[in-house]
*Asks:* 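Just dropping this structure here.
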Amino acid sequence: MKACKRLEIVIEKPLAKKVAAALIEAGAPGFTQIDQASGMGDRGRRHADDPTGSSTNCVFIVACETEQEVVKLVESIRPILTRTGGICLVSDAYWVRH
Amino acid sequence: MKACKRLEIVIEKPLAKKVAAALIEAGAPGFTQIDQASGMGDRGRRHADDPTGSSTNCVFIVACETEQEVVKLVESIRPILTRTGGICLVSDAYWVRH
Amino acid sequence: MKACKRLEIVIEKPLAKKVAAALIEAGAPGFTQIDQASGMGDRGRRHADDPTGSSTNCVFIVACETEQEVVKLVESIRPILTRTGGICLVSDAYWVRH
Amino acid sequence: MSDGLEYAPMAESLFLLNLTSPPLLFFILGASAALLKSDLEIPEQVAKLLSLYLLMAIGFKGGVALASTPFSAGMIGGLSLALALAAIVPVYTFFLLKRSMPIPEAAATAATYGSISAVTFVTATSYLDAIGIEWNGYLVAAMALMESPAIIIGLLLFRFYGEGQSKSINLPELLRDAFLNGSVFLILGSLLVGYVSGPTGKAQLSTFVEGLFTGVLCLFLLDMGIVAMRRISAIRRTAISPVALVSWALILPVINASLALTAVLVLNLPVGDALLITVLAASASYIAVPAAMRLALPEANPGVYLGMSLAVTFPFNLLIGIPLYHQIIELFS
Amino acid sequence: MSDGLEYAPMAESLFLLNLTSPPLLFFILGASAALLKSDLEIPEQVAKLLSLYLLMAIGFKGGVALASTPFSAGMIGGLSLALALAAIVPVYTFFLLKRSMPIPEAAATAATYGSISAVTFVTATSYLDAIGIEWNGYLVAAMALMESPAIIIGLLLFRFYGEGQSKSINLPELLRDAFLNGSVFLILGSLLVGYVSGPTGKAQLSTFVEGLFTGVLCLFLLDMGIVAMRRISAIRRTAISPVALVSWALILPVINASLALTAVLVLNLPVGDALLITVLAASASYIAVPAAMRLALPEANPGVYLGMSLAVTFPFNLLIGIPLYHQIIELFS
Amino acid sequence: MSDGLEYAPMAESLFLLNLTSPPLLFFILGASAALLKSDLEIPEQVAKLLSLYLLMAIGFKGGVALASTPFSAGMIGGLSLALALAAIVPVYTFFLLKRSMPIPEAAATAATYGSISAVTFVTATSYLDAIGIEWNGYLVAAMALMESPAIIIGLLLFRFYGEGQSKSINLPELLRDAFLNGSVFLILGSLLVGYVSGPTGKAQLSTFVEGLFTGVLCLFLLDMGIVAMRRISAIRRTAISPVALVSWALILPVINASLALTAVLVLNLPVGDALLITVLAASASYIAVPAAMRLALPEANPGVYLGMSLAVTFPFNLLIGIPLYHQIIELFS
Ligand SMILES: Nc1ncnc2c1ncn2[C@@H]1O[C@H](COP(=O)(O)O)[C@@H](O)[C@H]1O
Ligand SMILES: Nc1ncnc2c1ncn2[C@@H]1O[C@H](COP(=O)(O)O)[C@@H](O)[C@H]1O
Ligand SMILES: Nc1ncnc2c1ncn2[C@@H]1O[C@H](COP(=O)(O)O)[C@@H](O)[C@H]1O
Ligand code: NA
Ligand code: NA
Ligand code: NA
């Protein structure tokens, strides 16, 4: 097990592609994306059930090794979050090598 | 980045509305809800595939700023969990301001 | 609230049953499984939208009480991860008793 | 004795006919898949689509039928009977069960059996259609109206006989949950749409609501077979003796059907209508009521009432109940 | 004055006919479910299937129709008019709105109203089919071609009049997003498939693309009713006065329809085609454009343009617009 | 030489006919969407519904057909041939591939090509139906029976020739996975339902299993087009030369089809049946086998076998294989 950082990003689905592209460009070692989330935030309730997909959220989980990597990833998606809302949490974890 | 608390609640889907309402009433700054989870616990295996929705779980993620807020939120949903099962985890995280 | 460990496993969907079985056999007190995730990793982009299910990931969340339990659970699924890819993160959390 | 002699073969042929109909066979197929632990499964959202379709189609067809039949005494009789059953069944069921299980479980099970199963009803209509027996559209309204009262009655019983948290039930919220429940709303709404748009509307929707109906029912019953069998293990895991639960799950539909049979025979309703009312009485909810019970009575273990209704009563009515009740009606009318 | 006298009853009957058609009734049912806070809901993937089906079926039918009609002057007139509308509407809409709301919102709303709503179009074709008025297949192509230009124009306007981040728009990427958008691609592609496979292909697909069509539209409109009503609260929460937003959402379709009506009457297009072009002009996008705007113009609050188009303009066109425009066309041609 | 002259135009027309059929055109449309990076996509649960429907409908229709045809020598010949192919193909395929790729990949690919693709089969039946050539219902049973043996054989080969972990394969569990696999179970079960309920059952389900069939196939192939093209990049990323993989993915169906063609011509089977058996031999699994391989042989890179079967062999059979094999059968019988 190796210490690592765990990023968790919630953003609306129409922007998921942009976030994925930004993460890849910033050199994320990988990520996991859960679509079809709903939620509540500054911009009110989002229901995840309209045919437009415009009220659906998605959750990204990114594990990365170093503090620097986190900073880089966070900076790559911060402009998207600033313009659109959503949240980004960072926490400590251990990565099980296999 | 600002230190924060991350709450994670797993509960059965029929009760999701109640949990969401309780969180909002207790003043949660927001939450994210992932439906369509399955699982295993004290009450056995839950498959998330029956037309009744009664065997489906859902996951709530709540980020909040202070210890007091956590306590308040936890107290607001504890009665629901006591009566029905499910789990509630609290961990430390950093909230990226944007 | 009681200190606990939180395991998070991302693995491809065809192997989900195997992971669930391994967790149960290793004595996990419970787990939550989110299907329908997509992602990116060493083996490239996975889209979660083919009829074969073979490009879909799923996320397991397991809360357990002690360090020994974590070790046991991790050892039970490590052979699966080694042979197939995916990730496993461990972090600290508090379990709200209800 | 000649009656009995004639009865036997007829019964056999009805049972056989029922068992060789595609919907029933797909139900059995699903049950076998679950028993043999095949990984066949119907995703939840797909099952949701199938059930939305069935509720919409049955509601719409009932509404169109209603629009083209004049109001009649039989109709008022049938509707009143349906509502009376919805009010009486949960009450005596509660008192019957009260000694075999804790109060919360007894109340929730009473609500479950006092309400109805839309899919059992739908399967019975498709059984009638297959053998060419007519039935009246107003029964769809009867079905929709029978869904909710049992929820209220079950909870009132719990409030009265239960202890501790029983006082925490919020009645106004409950009434809303019971009567604005998605499936009740969709059936009643579609009935109204069918009634308003009438034969013109039906002409536009005939392939959709009629051509597809049995096929979608087959797919849905395939799923119900899988789900019903999975529930059996949940019955085993409850604190109450599984033998008692299974016995009650076979006895209750028989009691409720007997009551309904007596009434429909006394009222001399047409065979098709009589069968459908009996099936409604004998069937137990496994969608609307369990969902409502989780919200209002979370201390009742759903393994009890959902297991009984889904894993035992539902298959019993589908495989044996429908042709049996039909047989009895034919015998006495 | 006799004209007016004759007009009134005819209008009434058209409105009534429209309001008693199953698709409209299901829309109203969905809206009522949301207003009464029933928990009726259509899962997202189901709604996706319904909309994929509708786009595919309308595209395919349009293509088959196109294959069997010779190119004509009317067709070229109609297509040119459609493209002209798609270019002009977003421009004047932007300038109309610029004073009532911030630039990003004005640009996004202009794009929304300059584009079209496929479901409004589809409902209009099913309205025409129900009353037996013919329409030409090329209008499906017109619809598909009208979806994207407004996106580009809206963003160019924002680039020119906006400040700050407005320079960050990536045009080539944007063009791709606009023209390879899933729904545009599926309509145009299905149109091509219908065109190539012609009547032989249609024979194979007739039950699917025609028999089911109205039924699937009903289910989809049920969902749209729910979603549209939910959006109303989003309108209330924006920084701009809700009265202004609702007013604009009623005025814009009327202005755009008037422009289109003048043109179709001048060009003397057949009634069915004239109505469809008017409906396209009057309708506002709530799928393709909002998705594109979230990507390219995230600073515009979607509560504004999506709320206006989904919660006000869409129901207005469905319930009042279609029969009203039809009425006016009949009156003047 | 006159034979050759007559052959050419006929072949052309068959290819053209195939290429202008809606299912094929929708496949091409999906592939184009993926190539042009349109965001058109079919959600996973929708694709699951479409494939459940196709398996159920083809199984049911096969069962009904089987119920109405007497057992015949040709049937026994056809079934035996099918099973023989299912046993032989994976064996020689493994030895052919063993030098071009590591043992695990070779074993998994052998299993993939020894098994069959239900959708290729279904497309071939819809091709035959469109040109009015009959085929026998028992071939649906043949298809279902051909799905699993290759899984077992592939894994036995791996056990024998592989190293290290190869011993860890759990045979009883494997047999269950292979034969109780959801899709095998659904086809065989629906076949049984069709057989038992016969023409009476078919009358109830005809709109569902026949009217909708081609339409649903179109939607499903649209999705398969998208998915197949996405897999191409996966081929590029494997450790093995992409040229070798693509070549094998074109050579293997041709070899397998040649073997089957020889046999069907020797056995003198009717044209329709001959074509379907050839298509079964030439097709490669991309649902059941890959899923089983991930479980039993996770060290084999799915980019290899799934890429080959989905991105190359599947389109090859659909676009070229079916009319080509048909052409050859017509030529020699
Ligand atoms: N405090 C929070 N905890 C968890 N999720 C949140 C929180 N705030 C916002 N979100 C998620 O982010 C989405 C967008 O938030 P906002 O932009 O604040 O409306 C919401 O719909 C939630 O899913
Ligand atoms: N230890 C655990 N770790 C993760 N999820 C759990 C755990 N225990 C229970 N759950 C989740 O909570 C649901 C209800 O748990 P229970 O009430 O214990 O049956 C389960 O179906 C799981 O999804
Ligand atoms: N660094 C990471 N952070 C989050 N998820 C990851 C990461 N790496 C891999 N994954 C997930 O694990 C799956 C399989 O990873 P891999 O075996 O590396 O291709 C990916 O599709 C992701 O969903
Ligand atoms: Na009942
Ligand atoms: Na417009
Ligand atoms: Na094969």
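Atoms considered below: every heavy atom in the structure, side chains included; atoms not considered: hydrogens, waters and symmetry mates. Labels below follow one simple rule: chain letters A, B, ... track the order of the sequence lines, proteins then strands, and each chain is numbered from 1.
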*Asks:* Among E44(E), M56(E), K202(E), who wins on heavy-atom pairs under 4.5 Å with chain F?
*Replies:* M56(E)
*Asks:* If you tally heavy-atom pairs under 4.5 Å against chain F, which of A203(E), G189(E), G198(E), P43(E) wins?
*Replies:* G189(E)
*Asks:* Which heavy atom of L40(F) sits nearest to which heavy atom of F185(E), and what is that distance?
*Replies:* CD2-CD2, 4.1 Å
*Asks:* Are any of the side-chain heavy atoms of T214(F) and T207(E) separated by less than 4.5 Å?
*Replies:* no
*Asks:* Side chain, backbone, both or neither: which part of L49(E) has an atom under 4.5 Å from a heavy atom of chain F?
*Replies:* both
*Asks:* Counting heavy-atom pairs under 4.5 Å with chain E, which one of S21(F), P22(F), A130(F) comes out on top?
*Replies:* P22(F)
*Asks:* Out of G194(E), S197(E), S206(E), return the one with the most heavy atom pairs under 4.5 angstrom to chain F.
*Replies:* S197(E)
*Asks:* Do the side chains of S38(F) and F179(E) get nearer than 4.5 Å, heavy atoms only?
*Replies:* no
*Asks:* Is the backbone of N181(E) close enough, under 3.5 Å, to the side chain of D39(F) for a donor and an acceptor to pair up by distance?
*Replies:* no
*Asks:* Counting distance only, does the side-chain N/O of Q45(E) pair as donor-acceptor with the main-chain N or O of Q45(F) below 3.5 Å?
*Replies:* yes
*Asks:* Using side-chain heavy atoms (C-beta onward) and a distance below 4.5 Å, is L212(E) in contact with L212(F)?
*Replies:* yes
*Asks:* Side chain from CB out, backbone as N, CA, C, O: work out which of these in S190(E) comes under 4.5 Å of a heavy atom of chain F, or both, or neither.
*Replies:* both
*Asks:* What's the separation between atom CG in L36(F) and atom CZ in R176(E), rounded to the nearest 0.5 Å?
*Replies:* 9.5 Å
*Asks:* With chain F, which of T200(E), L52(E), V209(E) has the greatest number of heavy-atom pairs at distances under 4.5 Å?
*Replies:* L52(E)
*Asks:* Side chain, backbone, both or neither: which part of L192(E) has a heavy atom under 4.5 Å from chain F?
*Replies:* neither
*Asks:* Taking atom CG of L186(E) and atom CG of L219(F), what is their separation to the nearest 0.5 Å?
*Replies:* 8.0 Å
*Asks:* Measure L222(F) against the heavy atoms of chain E and call it side chain, backbone, both or neither at under 4.5 Å.
*Replies:* side chain
